[in-house]
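The block underneath contains the structure these notes are about, expressed in structure tokens.
Values below: all heavy atoms of this structure, side chains included; hydrogens, waters and symmetry mates excluded.
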Amino acid sequence: MTTAQERADLLNKIGLDTQNKAALGRVLGTGSIGQATERADGRMEATIRIRPDELSWDPSIVVMPHGGDIQLELINDDQNTHCALLPSNGDRKFIWLVNHSRGRAALNLDGPGYYWFSSPTGNDEGRGLTGAIVVLGDVPPEARLDRPDQPRP
């Protein structure tokens with residue numbers, strides 16, 4: 001778990017605390033930030049937990065250095081059953097997480113952007129069990145709009 005200062009430092013290091021990039025840190029005001037690790041084969045992996053009685057993902061923001069495949073391990077340490085509705089190109093993934101269980105999800109997120117995930121059971125989302133996967137990087141040249149370069153902050 002990260003402290004508030006470590007969270008601010010990590011937001012700064014990743015570049016999410018500047019103009020047009022800070023909304024994510026303000027929308028998801030609780031939880032911590034984690035970075036996906038990249039394996040030798042290019043796939044990425046990360047672990048996300050639901051800690052007992054916290055109703056937040058830990059980390060609630062997972063940062064991927066670039067688009068691609070990621071293997072998520074989801075662990076529910078809480079006393080209640082939750083689930084995970086996860087983004088993935090072509091289809092969403094749904095995993096039940098009964099109390100004290102774990103699950104794995106293979107996702108493909110090939111474009112930069114923010115991808116939201118949550119636990120839609122009960123009122124979990126309303127109580128804070130939402131998160132985001134941030135994919136860093138630029139849009140591939142073949143997907144760019146045919147327009148002049150735009151100013152960047």
Side-chain angles (χ1 to χ4, degrees), residues 1-4 6-39 42-78 80-99 101-140 143-145 152-153:
M1 180 172 284
T2 58
T3 65
E6 290 171 336
R7 185 178 200 276
D9 292 344
L10 191 53
L11 280 170
N12 180 274
K13 176 184 170 190
I14 296 169
L16 297 177
D17 65 342
T18 60
Q19 184 177 2
N20 296 332
K21 297 179 180 179
L24 190 63
R26 293 184 181 135
V27 171
L28 300 173
T30 59
S32 58
I33 301 169
Q35 294 179 286
T37 56
E38 190 166 3
R39 300 186 308 209
R43 297 178 61 101
M44 290 163 268
E45 58 189 9
T47 301
I48 302 173
R49 305 184 90 92
I50 302 171
R51 299 205 181 271
D53 299 325
E54 290 189 7
L55 267 178
S56 65
W57 301 102
D58 183 23
S60 61
I61 302 171
V62 175
V63 178
M64 295 171 58
H66 56 81
D69 295 322
I70 184 168
Q71 179 83 32
L72 287 181
E73 180 170 14
L74 301 140
I75 302 170
N76 180 10
D77 293 329
D78 196 22
N80 294 308
T81 297
H82 303 286
C83 67
L85 182 62
L86 301 158
S88 186
N89 288 350
D91 197 7
R92 290 190 266 177
K93 307 288 182 178
F94 182 87
I95 298 176
W96 274 112
L97 295 166
V98 297
N99 48 342
S101 67
R102 65 180 55 207
R104 287 184 174 266
L107 310 177
N108 178 271
L109 302 170
D110 63 357
Y114 298 157
Y115 299 87
W116 301 95
F117 64 94
S118 67
S119 172
T121 60
N123 189 24
D124 284 356
E125 290 173 325
R127 294 185 294 165
L129 207 48
T130 59
I133 299 171
V134 176
V135 179
L136 301 177
D138 253 337
V139 174
R144 293 186 184 151
L145 297 175
R152 299 230 172 200

### Distance-minimising heavy-atom pair for A105 and L86
CB-CD1, 3.6 Å
### Query
How far apart are the closest heavy atoms of R49 and D77, and which atoms are they?
NE-OD2, 2.8 Å
### Task
Measure across P112 and G137 and return the closest heavy-atom pair with its distance rounded to 0.1 Å.
CB-O, 3.3 Å
### Message
Would you say that K93 contacts L85 through its side chain, given a criterion of any heavy-atom pair below 4.5 Å between the two side chains?
### Response
no
### I95 side chain reached by L74 side chain, heavy atoms, under 4.5 Å
yes
### Query
Any salt bridge between R51 and D58, counting N to O under 4.0 Å?
yes
### Query
Would you call W116 and I133 a side-chain contact if the rule is heavy atoms closer than 4.5 Å?
no
### Under 3.5 Å: donor-acceptor pair, side chain of D78, backbone of D53
yes
### Message
If we ignore hydrogens and angles and just use 3.5 Å, is the side chain of N76 paired with the main-chain N or O of S101 as donor and acceptor?
### Response
no
### Task
Please round to the nearest 0.5 Å and tell me the distance separating atom CE of M64 and atom CG of L109.
5.0 Å
### Message
Could you check whether any side-chain heavy atom of I48 comes within less than 4.5 Å of a side-chain heavy atom of F117, counting everything from C-beta outward?
### Response
yes
### Message
Is any side-chain heavy atom of E73 closer than 4.5 Å to one of I75?
### Response
yes
### Query
Is the closest side-chain heavy-atom distance between V134 and V62 below 4.5 Å?
no
### Task
State, with a plain yes or no, whether a side-chain heavy atom of S60 is found less than 4.5 Å away from one of S32.
no
### Summary
In this structure, OG1 of T121 is separated from CG of L129 (nearest 0.5 Å) by 7.5 Å
### Summary
Of all heavy-atom pairs linking T81 and D124, the shortest is O-OD2, 4.4 Å
#### Entry: Heavy-atom closest contact (L97 atom, R102 atom, distance)
CD2-C, 4.2 Å
### Task
Say whether, by atom type as modelled, one donor and one acceptor occur between the side chain of W57 and the main chain of I50 under 3.5 angstrom.
no
### Message
Looking only at the side chains, is there a donor atom on one of E125 and S118 sitting less than 3.5 Å from an acceptor on the other?
### Response
yes
### Side-chain heavy atoms of Q71 within contact of M44, under 4.5 Å
no
### Task
Flag yes if more than 12 heavy atoms outside R43 fall under 6.0 Å of its CZ atom; otherwise flag no.
yes
### Query
Would a distance-only check, ignoring hydrogens and angles, find a side-chain to backbone donor-acceptor pair under 3.5 Å from S88 to N108?
yes
### Query
Which distance, rounded to the nearest 0.5 Å, do you find between the CG of D138 and the NE2 of H66?
14.0 Å
## Note on the structure
When every non-hydrogen atom of I70 is compared with those of A46, the smallest separation belongs to CD1-CB, 4.3 Å
